[in-house]
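Reminder, nothing fancy here: chain letters follow the sequence lines and each chain counts from 1. All heavy atoms count here, side chains included; hydrogens, waters and symmetry mates do not.
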Protein chains: 2
Amino acid sequence: MRIFTVPEAPESALSIIEQRLSENLTGFLGESIVAVEKPLSSIEQDFLTHEIPQLPSFVSDYADEMMQKLVAHSVHTASPSFIGHMTSALPYFVLPLSKMMVGLNQNLVKIETSKAFTPLERQVIGMMHHLIYGQSASFYEQLMHSANHALGAFCSGGTVANISALWIARNKLLQPDGEFTGIEKQGLHRALRHYGYDDLAILVSERGHYSLGKTADLLGIGRDQIIQVPTDADNKVDVTLMRQYAQKLAAKNIKVMAIVGVAGTTETGSIDPLPELAALAQEIDCHFHVDAAWGGATLLSSKYRALLKGIELADSVTIDAHKQMYVPMGAGMVIFKDPSSASAIEHHAEYILRRGSKDLGSQTLEGSRPGMAMLVHACMKIIGRDGYEILINNSIEKARYFADHIKQQPDFELVTNPELCLLTYRYVPIAVRNAMDIARERGDTELLARFNTLLDGLTKFIQKRQRENGKSFVSRTRITPERDFKQRIVVLRVVLANPLTTREILHDIIAEQRQLAEQNIRYLPPLLELASSVATPQAC
Amino acid sequence: MRIFTVPEAPESALSIIEQRLSENLTGFLGESIVAVEKPLSSIEQDFLTHEIPQLPSFVSDYADEMMQKLVAHSVHTASPSFIGHMTSALPYFVLPLSKMMVGLNQNLVKIETSKAFTPLERQVIGMMHHLIYGQSASFYEQLMHSANHALGAFCSGGTVANISALWIARNKLLQPDGEFTGIEKQGLHRALRHYGYDDLAILVSERGHYSLGKTADLLGIGRDQIIQVPTDADNKVDVTLMRQYAQKLAAKNIKVMAIVGVAGTTETGSIDPLPELAALAQEIDCHFHVDAAWGGATLLSSKYRALLKGIELADSVTIDAHKQMYVPMGAGMVIFKDPSSASAIEHHAEYILRRGSKDLGSQTLEGSRPGMAMLVHACMKIIGRDGYEILINNSIEKARYFADHIKQQPDFELVTNPELCLLTYRYVPIAVRNAMDIARERGDTELLARFNTLLDGLTKFIQKRQRENGKSFVSRTRITPERDFKQRIVVLRVVLANPLTTREILHDIIAEQRQLAEQNIRYLPPLLELASSVATPQAC
C-alpha cells in the first residue's frame, strides 16, 4: 500500500499547503479562511453525499478540495479580532510537535502502547498538582510515578474532567461498607438504601458550567439534583444562601454529595469564594470540587494567582490546558488532592490494566486516547512560568483596559467587570441609558423590562451582523444583573486571551458595533421612542 | 509574543525533525525509536521534576531533548513486526492533515467555533450510518444535517461511544411518563420506583469489553448488573444461555436495559451471532447495542461484510476509526439507527447549544473537542471503498495464512481461529502436546491444570522477553478454551491489521518465539519432565 510508505512529491498540493502552514501559521489562516461568512446551509451543500466513495482520490486533489470547502469556511479561532470564544492563537511550535505526536500514534491507555508517554503524562499531571497543591518534593518523589496512585487524570476536556471528579465523589461517598460492596458494583439505588439517604445533591452557583447537568444525568443522580445557588452582584455564588440550601436538603434527608466552586465562569470569568466553599464542604462533610477549566491557568501568574485562593482546599480541580495554557484542543485534566482518590473508579481487564501495572487507563473515564499530554509538557517547558506570567497578566490587564475603554463610551454599558480576562457589556444609546436610570430609580421593573427586551434584540443584531461581516467576533450570553433587578438580559461577551489582540483592535470592535447599532432599523427607533416617552413627562 | 508569530529558523532542530518525519515516516520512526527496551523505571528518571520550570526553553533544545527522552522510548506502534496491539501504521497523508487540523484549532462543540467542520462531521457520521444501515438517499437528505436529529456522535474513542449508547438506552427506557419527568431529571432510584423495576441489567458476552463495566458503574447501574454470558467454543456468546438469563432476570423483576453484541472481541476478534441477539432484544423489548469498535470497519469490505450480518438490526453501533480505518488515535463514533435517539441525552445552555441550533455539543458526552472527524473524512475519501477493500481483506487473509502457518508447527498450538484478523496461540513442546492430549482424553483436569500453569509461565516469559528484545511484539491475554475444560490459560495474541506486515515477518516471529522458549530454564524443564511422567506409565 503506497499510502503507508511513500509520501507524495514535495511539489504537490498538500506539501505546499503544509509548507505555508509551517512558515507562517497566522498568515496561512488569514489567507485561507474567507473573511465574509457563508451561510451554514450553503456550506452544507459541499457535505451532502452519504456514501463513502468507491474510488480512491489523489491526496493533492483532496487537499485542494478541502482548502476550498473546509478550511476556507472554518472559524479563524486564532484571529486577534475574534475575541468571543475561549480558543486563542497557538504557539507555532505546537504544530510540528503535534505532527510528531500523531506520527508516533501512541495510545495512553496502557504502557504497552505508550511507554515513555506514560511517565511524561504522569509528570504533566504532577506538575499541575504541584501548581495547585504545592506538596513537598518527597510527596512527588513517592507518588508521581506510583502504580497505586494517581495525582490526576488526563482527558479530552473539561466536561470529562468534571464528570470524572464527580464520579469519584459519588463512589467515595457510597463506598463499600460491611456487606454492601459499594455503588460501583451494586448501583445507586442500593447504595442510597444502604446508607439511608433519600437522594443526593450537588450544590453549585447558578453560573456553573452546563456539563454539571450532564454529569448529574449520566451518574444517575438526575439534573434536578444540581442545586443552583444564586450569585451576588459580582456573579460569585452566595455562600450564605448555599448554607441555607444545604440545611434544607439535610432536613429532607438529601445528602449533598459535592459542592462545586467555579474558578472562572464561562459567562463572566468570575471566581467563587473558594475558601468559604471549602469551609462549608468541610462543615457538611462533602467533596469539594473546583471547576477551574478556564481560570486554573491563572495559578501560573505569581501576580494574580491569589485570585484563586482556596483552590488548594479542593478535593479535585478541573483545568483545561487547551484554554489559557495555549495547547491545541483536546487537553483537559482533573487533579486530585488525595492521590488515592481515583481508586474509587479503578477498573481492570485481562489483557490490559492489570493490577499493579502503571497503565493509565485503569483510572480514567476514556479508554484509548492520544498522547496530548506531550503538547502540555512542551508548552510548560518552552513557555515556562516566566512566559506564562507574561501571557496571563497580559490577558487580565488587557481586559481591565478594555473595561475602562467601554466605561468611557457614553453609549456602551459595562455589565460585568473583568476578574479574569472575560467581561460582558452592551450597546445602550445615551438617551436610553438615561431613561433606564430613571426607570431603575423609580423601581419600574416593567418599564425596565420593555427596554431590556428591545436592547436584547439590538444586542443580538449587533453580534450576529458583526460575526457575518467576518472582521471580528464577540459572543453573546444572557445574565441577570442586580441593577436590573435580576432581569435576564442579553450581553456581548469577550474573552481576551489571545496575546495578539491589540488595543487598536479593541477600539475598532467597539467602533464597528456602534456603527452596526446605529444602522439598526428594527430595535433602535422604538428604543429611542420609548426613551423619549420616559424623559418627556419628567421634563414637564 | 514571538512564539505566537515567528517560527524558528528552517535549519533548527525541530524543523529538521519535522522534515525527516514528512519525508519518510516509517524511516523516521525506525531510526528514532530505540530497538532495545529500556526499563520503565529508568525512563521515569527523565520525568521526575514536579515543578513547572521557571525559565522558558529554546524550542530546538526542547525538541532535541524529547527526541532522546520521549521519542526514543516510545512504542513503535507502526512497526510491521509489532503485531500485538490494535494500532497500525498510518497513511502518510494524515500527518500534514493533522497538522492542518491542529493549526485550525476548531472546537466541534458548537458551530461558532467549528463552522464547516460541523457539516463535515455530520457527513462522516452520515456515511458511517449508511455503511451500517444503508437507508435511502432521501433519509440522509432529510436527516444528515437536521438540527433536530443526530445519526450518531463523534467522540474520542470506543469507551465514550459505548457509554453514550448505553446512556441513551437507559434514558429512553426510563423516559418521562405522566408526572414522572424522566431519569434524566429525577435520577435512577426515582425512575426505578416509577417504573416498578427492582433493578436494571445489561446482557453481554463474557468477552465484552471492559468499558461496559465502567459504563455500568458510571451510569449508576452497578458493575454487578453487567451479566456476562458464557461463550461457545468459537468465543461467540451463547444466545440460548442468554435467553435463560433474561428469563431469570425477568422473574426477579430486573429489567434488561440492553443487550450488547460484540463484533470483534478485543481478545479473539470473534463476532457474536448478531441476528439472534437482535431477535432476543426484540423479544424482551430492550435496546440492542453492537460494540463494533474493532470489527465495524469490516463493513467496508464487500467480500467480508457478511461476517457482520445483523449489525443493521442494532439500535446503536460503536466503531473506532482509529482502529481498522487507519485514522490516528482519538476517533471514535457511535451511530444511532433512530435519528431521534440522542434526544434522550440532549442538553442546552445559554451561551451555546441553544435549542434548534446545529451545535453538535448538545448531544454528546464530551464538550469541547477537536476536529478529528476531518481525518476520518480524509481517509474515507482518499482510500475509498476500493482501498479499504484491499486493506481489510488483506488483514483477514493474512491472519488466515498465519493460522495455517502456526498449525503447521509441531510445537505451536493455535488456540483461537481468526474470524477477523486476530488470533491467539501458544508454544507447546511436542512432548507436552502429546501428554496433554492424553490428559484431555482421560478427562484429567488436574493434570491438565498442572501443564497449563507451567505453560502460562512459559508463554508470559516468551512474550515479555520478545518485547524486551525490541524486534517484534505480540501481546498476551487469558482465555478459557473448551478443549481445556474452560481452564483459564495465557495465550499469545496477534492483531494483523498493519498492511506492512509480511509473511516473512510472521515466520520470523514464530522462529524467535521458539528460540526464546527453548532457552527457558524455569518452565521448560519441569514441563518436559511432567510430560515424560505422563508418557512413561502409558508405555509400560
Heavy-atom distance under 4.5 Å to chain A: side chain of [X], backbone, both or neither?
X      : result
B:H129 : neither
B:E141 : neither
B:A378 : both
B:S22  : both
B:I163 : side chain
B:H50  : both
B:A78  : neither
B:L218 : both
B:L200 : neither
B:I479 : neither
B:S74  : both
B:N498 : neither
B:T26  : side chain
B:T181 : side chain

Find out whether [X] and [Y] are in side-chain contact, i.e. whether some heavy atom of one side chain is under 4.5 Å from a heavy atom of the other.
X      : Y      : value
B:H347 : A:D217 : no
A:Q123 : B:T49  : yes
A:L14  : B:L97  : yes
B:L21  : A:K99  : yes

Is it the backbone or the side chain of [X] that comes under 4.5 Å from a heavy atom of chain B, or both, or neither?
X      : result
A:L55  : both
A:T118 : neither
A:I221 : backbone
A:L131 : side chain
A:F139 : neither
A:I111 : both
A:M66  : side chain
A:L29  : side chain
A:V160 : side chain
A:A137 : both
A:R190 : side chain

Do you know which of [options] has the most heavy-atom pairs with chain A at a distance under 4.5 angstrom?
options                       : answer
B:L188, B:I52, B:V102         : B:I52
B:L25, B:T87, B:L48, B:I183   : B:L48
B:R369, B:M380, B:H85, B:Q106 : B:Q106
B:G367, B:G384, B:P91, B:G157 : B:P91
B:H73, B:K69, B:E44           : B:E44
B:G187, B:G330, B:A216, B:G84 : B:G187

Approximate separation, where rounding is to 0.5 Å, of [X] [atom1] and [Y] [atom2]:
X      : Y      : atom1 : atom2 : value
B:S368 : A:M86  : OG    : CE    : 9.0 Å
B:N105 : A:M329 : CG    : CE    : 5.0 Å
B:I3   : A:I382 : CD1   : CD1   : 8.0 Å
B:Q54  : A:R385 : CD    : CZ    : 6.0 Å

Under 4.5 Å, counting heavy-atom pairs only, tell me which of [options] racks up the most with chain B.
options                        : result
A:G158, A:S98, A:G126          : A:S98
A:N24, A:L90, A:V71, A:T113    : A:L90
A:L108, A:L375, A:I43, A:D46   : A:I43
A:M372, A:R193, A:R223, A:R467 : A:R223
A:H322, A:E18, A:E23, A:E184   : A:E184

Shortest non-hydrogen separation from [X] to [Y] and the atoms involved:
X      : Y      : value
A:R170 : B:L219 : NH1-C, 4.4 Å
B:P56  : A:G387 : CG-N, 4.4 Å
A:M100 : B:I17  : CE-CG2, 3.3 Å
A:S114 : B:V75  : N-CG2, 3.6 Å

Taking [X] for the side chain and [Y] for the main chain, is one N or O donor matched with an acceptor at less than 3.5 Å?
X      : Y      : answer
B:K214 : A:I345 : no
A:E51  : B:H130 : no
A:E366 : B:T159 : no
A:Q186 : B:D224 : no
A:K38  : B:A116 : no
B:T77  : A:L104 : yes
A:S57  : B:K381 : yes
A:H145 : B:F47  : yes

_Residues A:F93, B:Y62; criterion ring-ring contact (aromatic ring centres under 6.0 Å, His included); working and verdict_ = CA-CA 10 Å; A:F93 61 80; B:Y62 179 77; 7.6 Å; no
*Which word best sums up how the rings of A:Y326 and B:F4 line up, parallel for under 30°, tilted for 30 to 60°, or perpendicular for over 60°?*
perpendicular
